[in-house]
Participant: 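Next up is a structure, given as structure tokens.
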Amino acid sequence: MEKINVKLPDGSTEICLSGKTVGETLSSRCGDAVTSAVAARVNGEIVDLSYPMDEDAAIELVGISSAEGLGVLRHSISHIMAQAVQDMFEGVRVTIGPSIEDGFYYDFEYSDTFTPEDLEKIEKRMREIVTANHPFIRTEMSREEAVSFFENKGEPYKVELINDLPNDVTEVSLYSQGGFVDLCRGPHIPSTGMIRAFKLLNVAGAYWRGDEKNKMLQRIYGTGFATQEELDDYIRLIEEAKKRDHRRLGRELDLFQMNDEAGPGLVIFHPKGALLRTIIEDWEKKEHLRRGYDIVMGPQILKVDLWKKSGHFDHYRENMYFTEVDEQLYGIKPMNCLAHMLIYKSKIRSYRDLPLRYFELGTVHRHEKTGVLHGLMRARQFTQDDAHILCTPDQLNAEIRAIADLVDYAMGVFGFTYEVELSTRPKDSIGSDADWDLATAALKLALEDNKILYDINEGDGAFYGPKIDFKLKDALGRKWQCATIQCDFALPERFDLSYIGADGERHRPVMLHRVILGAIERFMGVLIEHYAGAFPVWLSPVQASILTVTDNQIPHGEAVYNQLVDAGIRCEKDFRNEKLGYKIREGQMQKVPYMLVIGDREVESGTISPRQRDGSNLGSMDVLDFVSIVNEKCDKYE
RNA sequence: GCCCACGUAGCUCAGUCGGUAGAGCACAUCCUUGGUAAGGAUGAGGUCACCAGUUCAAUCCUGGUCGUGGGCUCCA
């Protein structure tokens, strides 16, 4: 046996015998850390603990609780699920079963359907497999061998996967546990007994290879964790998310409705929802005017020829609605850019006029497929806080950076953190390669100048240009796409926009499309879930509710109400003939920030006694003092 | 659009193995005038999503339509 140099996780180097596995090599030296490891990194590459060491290497352990380790664990659980399913149901074909962000899934082809009761049975069988503590065994085969192996097993999906591998792949790996064999790159946990906590969550349809032209398979989702406590925490998180569901809170707090008679994907804002929206929109107008934007307003429908000119008719028609007026075909706008183009073109522009920043709270209609509609998050009519910035190529960088700053400011005001992605040219797109390269480089440079970390999302840009997407993270850590900046050389070209430069010649401006909150509806949905309906004072549609102890205080209550409304406080009266505790309970469930209690004592001293949403009391005070408290909070966006 | 599940009072949900339905909360009226998360009594409220079919009889069975939910594809 040869000797090899092994660099251990603690940084020390040891001389070991070759031919031993990673696990064996480390077990004498790292003890417990190996027991809780699911895999290892050898020279940076993730491998099984059973990987044989045959040359000098640096080894790191992949612990069960690390993000990577959890992925390995969940992937192994998905194999166990596939084994259980194939044991229990006749005629099931296995396809793929990866780990995903919060768990794993496995897609099956099966003539019957899996029911929730089936999931329980599958879980039970999986527990038996876990208890049996089968080792995961890796074997390798040539691709020809593997093809005939899976053909013999009657697994056509696996055969297709192997056949579609790149030509230079000559060997594939297979993993087996307890007699179940699956094509898989690995790595896997050493044996099934390592699994402590898992749960199957739901069944759903999914297209083979994610292509809607392919057969619909049945997908079973599940998740797994290193410990039962972590799994319990995750289940609690799901329950918390359910409680915060904006569709539920929208009804409970009387903010909005979706109505069958009105149609799917259409939001009807009730007074409180409309007020919340107005508060957000007023804030937006103020912030945009402060930053040199001009507020504009375009029409809801524009002649179809204009949509042909812009490219929307060719590239976005599927999502558009059309209507006929006086035998003329009109497109209902799915985006706000066209009118902004026409505003720019309404006169000759000088380089001295640029940049021009047109802002519109533009209501658009998009024909979304029925299956994707989801409350406020995905509607067919929504309003974007949209702007189009026309500038010289020289100004592009500063404009993009200013938008990124505005996004950062807005996210801070609403209490979100966020992540950034840069999306590049998609297949179905317009414009020259040179322009795409230029635009992509401009976005990249601005991000780097602002020292913003970002990921690249290949091929996910808009049809007219690359984009920066901002994904905000809410109180439960969920990500939502809201702000986006899109660079566009195509539309100025198509509309033949120009400005006169310092040289007296005509030049082509560059355009940026951008939204900050995105769609107001979606943003409101995110806000509702983020705050669990308990909005900060500045956003709360009802900031204070006035509660009388008995009917005797109604006249004073009316006076207080008038005083508050006069001072611009959004308040409600609860002068009903009910006990104070009853009214407080109601106000609490409506998540009103302040309840102003008025009893005989307050009438006598001409005061109010505010109770805060957290249950604490501020003691009795003058109405005007309360007004200053509220105003101060609003000024600080609290 | 596709797969699966679901649709009973304003809300949350029972129920009818085919004989036109019930609770709690909410609502109305009355009693009660009560100081920080539900005082009491009475009452009203449903063509059981819609349209066909089977049946003596359909909320229940069958088919279709619409809508909702979980996903897939797509997206702000």
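Here the structure is a predicted model, which means the values were calculated and not measured. Keep in mind that the numbers below use all heavy atoms, side chains included, and drop hydrogens, waters and symmetry copies. Labels below follow one simple rule: chain letters A, B, ... track the order of the sequence lines, proteins then strands, and each chain is numbered from 1.
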Participant: Under a 4.0 Å threshold between the charged nitrogen and the carboxylate oxygen, would Lys479(A) count as salt-bridged to Glu421(A)?
Facilitator: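 Salt bridge flag = no for Lys479(A) with Glu421(A).
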Participant: Please report the distance, rounded to the nearest Å, between CZ in Arg317(A) and P in C74(B).
Facilitator: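 In whole Å, C74(B) P and Arg317(A) CZ are 20 Å from each other.
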Participant: Among His388(A), Arg291(A), Glu399(A), whose side chain to side chain contact (heavy atoms under 4.5 Å, CB included) with Arg357(A) holds?
Facilitator: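 With Arg357(A) as partner, His388(A), Arg291(A), Glu399(A) yield a single side chain to side chain contact (heavy atoms under 4.5 Å, CB included), made by Glu399(A).
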Participant: If I take atom NE2 in residue His367(A) and atom P in nucleotide A76(B), what distance separates them, rounded to the nearest angstrom?
Facilitator: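 Rounded to whole Å, this separation is 16 Å.
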Participant: Between Arg611(A) and G35(B), is there a side-chain N or O to OP1/OP2 distance below 4.0 Å?
Facilitator: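 For G35(B), OP1/OP2 do not have a side-chain N/O of Arg611(A) under 4.0 Å.
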Participant: Would you say the side-chain atoms of Gln543(A) and Tyr594(A) include a donor-acceptor pair closer than 3.5 Å?
Facilitator: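 No.
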Participant: Of the options C72(B), G34(B), A37(B), whose atoms approach the side-chain atoms of Tyr207(A) most closely?
Facilitator: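 For the Tyr207(A) side chain, the nearest candidate turns out to be C72(B).
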Participant: Please list each protein N or O that sits under 3.5 Å from an N or O in nucleotides 42-47 of chain B, with the distance.
Facilitator:
none

Participant: Base, sugar-phosphate alone, or nothing: which one does Gly599(A) contact when heavy atoms must sit under 4.0 Å apart?
Facilitator: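 Base contact.
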Participant: Categorize Arg601(A) for me: base, sugar-phosphate, or nothing, with a 4.0 angstrom heavy-atom threshold over every strand shown.
Facilitator: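 Base, at least one base atom sits under 4.0 Å.
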Participant: Which residues in residues 261-276 of chain A have a heavy atom closer than 4.0 Å to any atom of RNA chain B?
Facilitator: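 Pro264(A), in order of number.
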Participant: Quick one: Ile280(A) CD1 to A76(B) C1', roughly how many Å, whole number?
Facilitator: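 Spelled out: CD1 on Ile280(A) to C1' on A76(B) is 15 Å.
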Participant: Just checking, Arg209(A) and Tyr157(A): is the charged tip under 6.0 Å from the six-membered ring centre and within 45° of the axis?
Facilitator: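 No, Arg209(A) does not sit over the ring of Tyr157(A).
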Participant: Identify the heavy atoms of Ala462(A) and Trp436(A) that sit nearest to each other, and give their distance.
Facilitator: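 Shortest heavy-atom contact: O-CH2, 3.2 Å.
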Participant: Please determine if Arg219(A) and Asp107(A) form a salt bridge, counting it only when a charged side-chain N lies under 4.0 Å from a carboxylate O.
Facilitator: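 Looking at Arg219(A) and Asp107(A), the cut-off is met.
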Participant: If you take all heavy atoms of Leu580(A) and Val597(A), which pair is closest and at what distance?
Facilitator: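 Minimum heavy-atom separation between Leu580(A) and Val597(A): CD2-CG1, 4.0 Å.
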Participant: Picking from C72(B), U73(B), G39(B), which would you name as closest to the side chain of Lys579(A)?
Facilitator: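 Nearest to the side chain of Lys579(A) among the choices is G39(B).
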Participant: Kindly give the atom pairs (protein nitrogen or oxygen, nucleotide nitrogen or oxygen) under 3.5 Å for nucleotides 26-33 of chain B.
Facilitator:
from   : atom 1 : to        : atom 2 : distance (Å)
A26(B) : OP1    : Tyr582(A) : OH     : 3.1
U32(B) : N3     : Asn577(A) : OD1    : 3.4
U32(B) : N3     : Asn577(A) : ND2    : 3.0
U32(B) : O4     : Asn577(A) : ND2    : 2.0
U33(B) : O2     : Asp551(A) : N      : 3.0
U33(B) : N3     : Asp551(A) : OD2    : 2.9
U33(B) : O4     : Asp551(A) : OD2    : 2.7

Participant: Could you give the distance from NE2 (His288(A)) to CG (Leu406(A)), rounded to the nearest 0.5 Å?
Facilitator: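 One finds 5.0 Å between NE2 of His288(A) and CG of Leu406(A).
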Participant: Specify the separation, in whole Å, of atom CD of Glu284(A) and atom C1' of A76(B).
Facilitator: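 Rounding to the nearest Å, CD of Glu284(A) and C1' of A76(B) are 13 Å apart.
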Participant: Quick test of your reading of the model: are Arg277(A) and Glu281(A) salt-bridged, counting only N-O distances below 4.0 Å?
Facilitator: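 Glu281(A) and Arg277(A): salt-bridged.
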Participant: Less than 6.0 angstrom from the centroid, inside 45 degrees of the normal: does Arg585(A) satisfy that with respect to the ring of Tyr582(A)?
Facilitator: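 No.
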Participant: Please confirm whether the shortest side-chain N or O distance from Arg247(A) to OP1 or OP2 of G69(B) is below 4.0 Å.
Facilitator: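 Looking at the OP1 and OP2 atoms of G69(B), one of them is under 4.0 Å from a side-chain N or O of Arg247(A).
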Participant: Answer yes when Lys369(A) and Glu212(A) have at least one side-chain N-carboxylate O distance shorter than 4.0 Å, and no when they do not.
Facilitator: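 Looking at Glu212(A) together with Lys369(A), the answer is yes, because their closest N to O distance falls below 4.0 Å.
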Participant: Kindly give the atom pairs (protein nitrogen or oxygen, nucleotide nitrogen or oxygen) under 3.5 Å for nucleotides 4-7 of chain B.
Facilitator:
none

Participant: Scan Lys242(A) against the nucleic acid and name what it touches under 4.0 Å (heavy atoms): base, sugar-phosphate only, or nothing.
Facilitator: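 Lys242(A): no heavy atom of the nucleic acid under 4.0 Å.
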Participant: Does A38(B) have OP1 or OP2 sitting under 4.0 Å from an N or O in the side chain of Lys583(A)?
Facilitator: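 For A38(B), neither OP1 nor OP2 has a side-chain N or O of Lys583(A) closer than 4.0 Å.
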Participant: At 4.0 Å (heavy atoms only), tell me whether Glu252(A) reaches a base, stays on the sugar-phosphate, or touches nothing.
Facilitator: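 No contact.
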Participant: Considering only C11(B), G70(B), C74(B), which nucleotide approaches the side chain of Arg251(A) most closely?
Facilitator: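 Closest nucleotide to the Arg251(A) side chain: C11(B).
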Participant: Would you give the length of the straight line joining atom CD of Glu155(A) to atom CD of Gln86(A), rounded to the nearest 0.5 angstrom?
Facilitator: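 Interatomic distance, Glu155(A) CD to Gln86(A) CD, rounded to 0.5 Å: 5.0 Å.
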Participant: Nearest to the Ser609(A) side chain among C75(B), C72(B), G35(B), which nucleotide is it?
Facilitator: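 The answer is G35(B), which lies nearest to the side chain.
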Participant: Nearest-Å distance, NZ (Lys213(A)) to C1' (C72(B))?
Facilitator: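 After rounding, the reported distance stands at 14 Å.
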Participant: Quick check against the 3.5 Å criterion: does Thr115(A) have a side-chain atom that pairs as donor or acceptor with the backbone of Asp118(A)?
Facilitator: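 Yes.
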Participant: Strictly below 4.0 Å, heavy-atom distances to any atom of RNA chain B: list the hits from residues 521-534 of chain A, or just say none.
Facilitator: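 Per residue number, the list reads Arg522(A).
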Participant: Check every strand shown and say whether Ala379(A) touches a base, only sugar-phosphate, or nothing at a heavy-atom separation below 4.0 Å.
Facilitator: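 Base, at least one base heavy atom under 4.0 Å.
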Participant: Quick one: do Glu586(A) and Arg576(A) make a salt bridge, cutoff under 4.0 Å?
Facilitator: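 Counted as a salt bridge, because a side-chain N and a carboxylate O are separated by less than 4.0 Å.
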Participant: What base-paired stems does RNA chain B take part in, with at least 3 consecutive Watson-Crick or G-U wobble pairs and both distances under 3.5 Å?
Facilitator: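 Ordered by first number, the stems with RNA chain B (at least 3 consecutive pairs each) read B:1-7 with B:66-72, B:10-13 with B:22-25, B:27-31 with B:39-43, B:49-53 with B:61-65.
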Participant: Taking all heavy atoms of Ile122(A) and all of Met81(A), pick out the closest pair and write down the distance.
Facilitator: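 Residues Ile122(A) and Met81(A), closest heavy atoms: CG2-CG, 4.1 Å.
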Participant: So does His374(A) get a side-chain nitrogen or oxygen closer than 4.0 Å to the phosphate oxygens (OP1/OP2) of G70(B)?
Facilitator: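 Yes, because at least one side-chain N or O of His374(A) sits under 4.0 Å from OP1 or OP2 of G70(B).
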Participant: Let's see if you can work this out: which of C72(B), C3(B), G35(B) has an atom nearest to the side-chain heavy atoms of Val597(A)?
Facilitator: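 Per side-chain heavy atoms of Val597(A), the pick is G35(B).
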Participant: C74(B) C1' sits how many Å from Asp211(A) CG, rounded?
Facilitator: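 It is 12 Å, rounded to the nearest whole Å.
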Participant: Please tell me whether Arg522(A) and Gln384(A) have a donor and an acceptor in their side chains that are separated by less than 3.5 angstrom.
Facilitator: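 No, no side-chain donor-acceptor contact under 3.5 Å.
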Participant: Give the rounded distance in Å between these two atoms: CG of Asn259(A) and P of G10(B).
Facilitator: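 To the nearest whole Å, that distance equals 13 Å.
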Participant: Taking atom types as modelled and ignoring hydrogens, do the side chains of His367(A) and Asn319(A) form a donor-acceptor contact shorter than 3.5 angstrom?
Facilitator: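 No, no side-chain donor-acceptor pair sits under 3.5 Å.
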Participant: Of Met216(A) and Tyr316(A), whose closest RNA chain B nucleotide lies nearer the 5' terminus?
Facilitator: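 The 5'-side residue here is Met216(A).
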Participant: Using a heavy-atom cut-off of under 4.0 Å over every strand shown, decide if Gly371(A) touches base, sugar-phosphate, or nothing.
Facilitator: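 If one applies the 4.0 Å heavy-atom cut-off, Gly371(A) turns out to touch a base.
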Participant: Compare the aromatic ring of Phe382(A) with the six-membered base ring of A76(B) and state whether they stack according to the 5.5 Å and 30° rule.
Facilitator: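 Answer is yes, a stack.
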Participant: At 4.0 Å (heavy atoms only), tell me whether Gln481(A) reaches a base, stays on the sugar-phosphate, or touches nothing.
Facilitator: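 Sugar-phosphate only.
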Participant: Any side-chain donor-acceptor pair under 3.5 Å between Thr383(A) and Thr363(A)?
Facilitator: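 Yes.
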Participant: Considering heavy-atom distances to RNA chain B, does Asp600(A) or Met258(A) have its closest nucleotide positioned more toward the 5' end?
Facilitator: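 Its nearest nucleotide being more 5', the pick is Asp600(A).
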Participant: May I ask you to decide whether Lys242(A) forms a salt bridge with Asp245(A), counting only side-chain N to carboxylate O separations under 4.0 Å?
Facilitator: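 Looking at Asp245(A) together with Lys242(A), the answer is no, because their closest N to O distance does not fall below 4.0 Å.
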Participant: Nearest whole angstrom, please: distance from the P of C75(B) to the CE of Met377(A).
Facilitator: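 The answer, rounded to whole Å, is 19 Å.
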Participant: Could you check if a side-chain atom of Tyr106(A) sits within less than 4.5 angstrom of a side-chain atom of Ile96(A), using non-hydrogen atoms only?
Facilitator: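 Sidechains of Ile96(A) and Tyr106(A): no contact.
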